[in-house]
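A short worksheet on the structure shown next.
Note on naming: letters A, B, ... go to the chains in the order of the sequence lines (proteins, then strands), and numbering restarts at 1 for each one.
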Amino acid sequence: MKTCEAIAAKICPTCGGEIPRDISFQQCPRCLLELCCLPPAAPVPEAESASKHFIQGVPFGDYEILERLGHGGMGVVYKARQRSLDRIVALKSVRMGDLASPADLARFRREAEAAAKLDHPRIVPIYEVGEHEANPFLVMRYIPGWSLAEKLPEFTNASDVRAGQIQSARILATMARAVHYAHGRGVLHRDLKPSNILLDRDLEPYLSDFGIAQLADQESALTQTAELIGTPSYMSPEQAAGKRVDCRADIYSLGAILYEILTGRPPFQGARPVETLRQVIHDEPLNPRAINCRSDPELSIVALKCIDKDPARRYPTAIAFAEDLERWLRREPVLAHAPSPALRARRWLARNPLLALLIAGLVVGITVTSYLLVRTQEEQRRKSIALAILRTESARQLQEIWDSPKPFFAIRSETLAAMAGREPVRFPGNETRLTLAFVVQGNPLDRVLGAASLLQYVEIQMKSASPTATRLDLRIYKRQAEAILDFIAGDVDFLQMNAREYVEAKASHIGVKPLLLGISSTAADGETGDTAVLFTRKDSGVERVADARGRSMLFGREDSTLTYWAKVHLANAGITQRDMGKVSYLGDAPRQSLSDSHDALGNPYSDMTPVDAVVHGRFDIAVVREVRFRQVAERHELVAIGRFRDSGYMIAGQPALSATAAEKFRNTLAQLNDRQMLQTFTGFPKQFAPCSDSDFDDVRHNLTAAIRFDSNETPK
Amino acid sequence: MLPTPRTSGASQAARFGTTQWSVVLQAERGAEDALLKLCQLYWRPLYAFVRRRGHSVHDAQDLTQSFFAHVLEHDALANVAPSKGRFRSFLLVSLKHYLDNEWHRANAQKRGGGQVILSWDDLRPAERDALEPRDDSTPEKVFNRRWALMLLERAMQQLETECVAARKGELFQRLKPHLTANNASAPYQQLAPELGLSEGALKVTIHRLRRRFGELVRQQIAKTVAREEDIDDEIRQLFAALA
């Protein structure tokens, strides 16, 4: 029995109920439980803003406020005197929201302490993190001068354009190095913007507010007016979307600042912060030169590289960015490239097809020749629009052609020039027209745009070698059979075909001249990208090729050399098609429409399709390039049962071609090592090498084996 | 869309089905550890229930302990479909079943494998008293009431830990009694200068503590329900149990 005294039960003043004695917290449990049901953003009764506690002349702790300097996203900044050391400091009161728990405050303190440990001549040091009136405050070095935000218009509109840009580049390079130092210590800034870059009286820059700006009360930030808080114009898309960020988010912000210096406005700026956020996530930025034609072209590209939506395409580190700026300052070429015409066009088209058609309605009758005659800035702008329309028109026509029964789509050299963003060169004297053809199975637009750059490049090279000019036209075919027929008929001069097709054409006495072979670049361990493997699951019971009897197999495309060599392999092990179980080829699936690209480059064959098929048990054996196999084998428990070199594809020419034209074409392509141009043209990381008939002997000799597989003959 | 999304831990946990209870519900085997953890946390209300049923202190201890062993060894989950949503109800119903069916066993022997260690000796005298039955309530009421009190106590402890970690331990001790006081009657004017704060700052601090406490309670409840929608209902039931 209880021995405690009989004390009158306590009554809760709030709810009137009895407060039990058998609890450790001595409060009314009902009222406590009610705290779970507080409405989401109940306003704090008579909450006062933290800044009211900082009154000029009234000292608190070690500090005395001298004057108010201004306000930023985090809170108000004051000039203060630290009494113990008798020095002038900057004191920033931090506004933490009403929802801040003790844990939040502790986190802010930890971040501020981490930032305070940064010791770099270009980072504003934090001397102390304190708390006053339930809100934190920071004490930092006082730097008399301006913020970059105040000085920025002077750099953009400097009368000496180059001097302004040089100074800006210097400032940003210095800041990038400071940012890199902080990244090395594990501190991200997360809120880089012109107001966080301070300039002293000599215009030397300093970085401020590392890592903590976004821990302050950001929740109510968006609901306040845009003047009180900064706009999210410098925020990276991943941050705007609420995802985790890494150092590349800071690089984005630096790029956005550079962009603003070049053009006078940040890359994205909406009427309201919410609109800006939407643009940051979804819209592609304009090239700075489109906004301010005095923007240095290389600095523009550097800025664009920083603000790429894909962090992987930005500079990997802040120091890489600093180094490129320093290259520019030394008048050396920068490493950043402009996105390829294909990429630009694709992004533009993806963004606003409707807008493009609207513009097409306004600007009537643009022909290729008329847009060439532009001179003034206004005409320049109209020219860019016309170019975009041309691309949209081509895309539209491509769509129409592709949906119609016509076997190919022809594009003249002049149109290709426009697509490549160039003016077609005027050739004096005679000119010859030659046609290159290849087959496209997915969305042809990307391949066409890629081919446009490449063919234009080849045209220029060929011009320099001969008195007569050659124009290269393009035909894209839906099926190889049609392409070969037109090649035989003489309508096509250069045709891309695979090794087997070449051998069979030759064997059928079709006139065909081998010019170039596509070879894969060599991987680090000496294996070339041309090697392929026959593979299966570890637990499938197939250990060697000979075990493939009765098993199901997925080949590559029916007409590909990958399939060809796989069959040769099987035939040499004594297996024919009849011996196998279910046999299928890639591309057997129903034909997809133009709008379903297989991948970004329009490649119909994805390396992962055979891997998926085997992993999920749809087929026992499949064939894939070794490069891909190595990436996935361990993870998916796959083993290789056979290995061979794939032949790849080649470019053949009409035997009737003039020797010089053929030679020049061949040499130009063989010497081309611009990977990006090659990849968008061919879809694979290949290079071209000159070739002759004997390079195809191996294919030729094994033709009988492949035929054996198909016709179920067994060797004698 | 905001840089630091602030969904509370409670709703996040419930939404993604990673509550301890939903782990138990969803797992067919291998959930013993999760179940064991839950048992070790929540045995007190069960013991109170068993005591209210009329068993002696010693018997109640044995029965509670062997009940958990029973839950772990047998597929107790299969028998309580209707209350599968809430751990609290599941425990209560299972316990009732167990007592009704097993109570005839005179010898509540511990079985091998599945021994659950419950910390009787850690109870302070006041706590032990607290688990003793009161005269005017049914065992179920006792169970639910103890459950609610346990949640509140735990949330209070967590809040204290957080405040101490944020170097605000003393502040917490001073403000703790005022967590539930409504603003009109709280002595802010007196208290503020004692703590070195202005009145406004004091109100802000107390407000923040209250919110955080509420969040902690919700998080705990979320651990014991399978769906977010159940949290509010569970709160209502607990509220009724405290009346």
Closest heavy-atom pair and its distance - B:Thr180, A:Cys28
CG2-O, 4.1 Å
Which atoms form the tightest heavy-atom contact between A:Cys36 and B:Ile235, and what is the distance?
CB-CD1, 3.9 Å
Could you tell me which non-hydrogen atom of B:Lys176 sits nearest to which non-hydrogen atom of A:Gln27, and how far apart they are?
O-NE2, 2.6 Å
Structural part of B:Phe213 lying under 4.5 Å from a heavy atom of chain A
side chain
Comparing B:Leu149, B:Leu202, B:Leu195, B:Leu171 against chain A, the one with the most heavy-atom pairs below 4.5 Å turns out to be B:Leu149
So with a 6.0 Å cut-off around CD of B:Glu194, is the heavy-atom count from everything else above 12?
yes
N/O donor-acceptor pair under 3.5 Å between B:Arg210 side chain and A:Leu35 backbone
no
Bottom line for A:Arg109: the part with an atom under 4.5 Å from chain B's heavy atoms is side chain
For A:Glu113, I'd like to know if atom CD has over 12 heavy atoms of other residues, nucleotides or ligands within 6.0 Å.
yes
Scanning both residues in full, the closest heavy-atom pair of B:Phe239 with A:Arg30 reads CE1-O, 3.4 Å
Of all of B:Leu151, B:Thr205, B:Leu152, which one pairs up most often with chain A through heavy atoms under 4.5 Å apart?
B:Leu152
Atom group of B:Leu238 that falls short of 4.5 Å from chain A, counting heavy atoms:
both
Over all atoms of both residues, closest heavy-atom pair of B:Met156 and A:Leu32:
CE-CD1, 3.9 Å
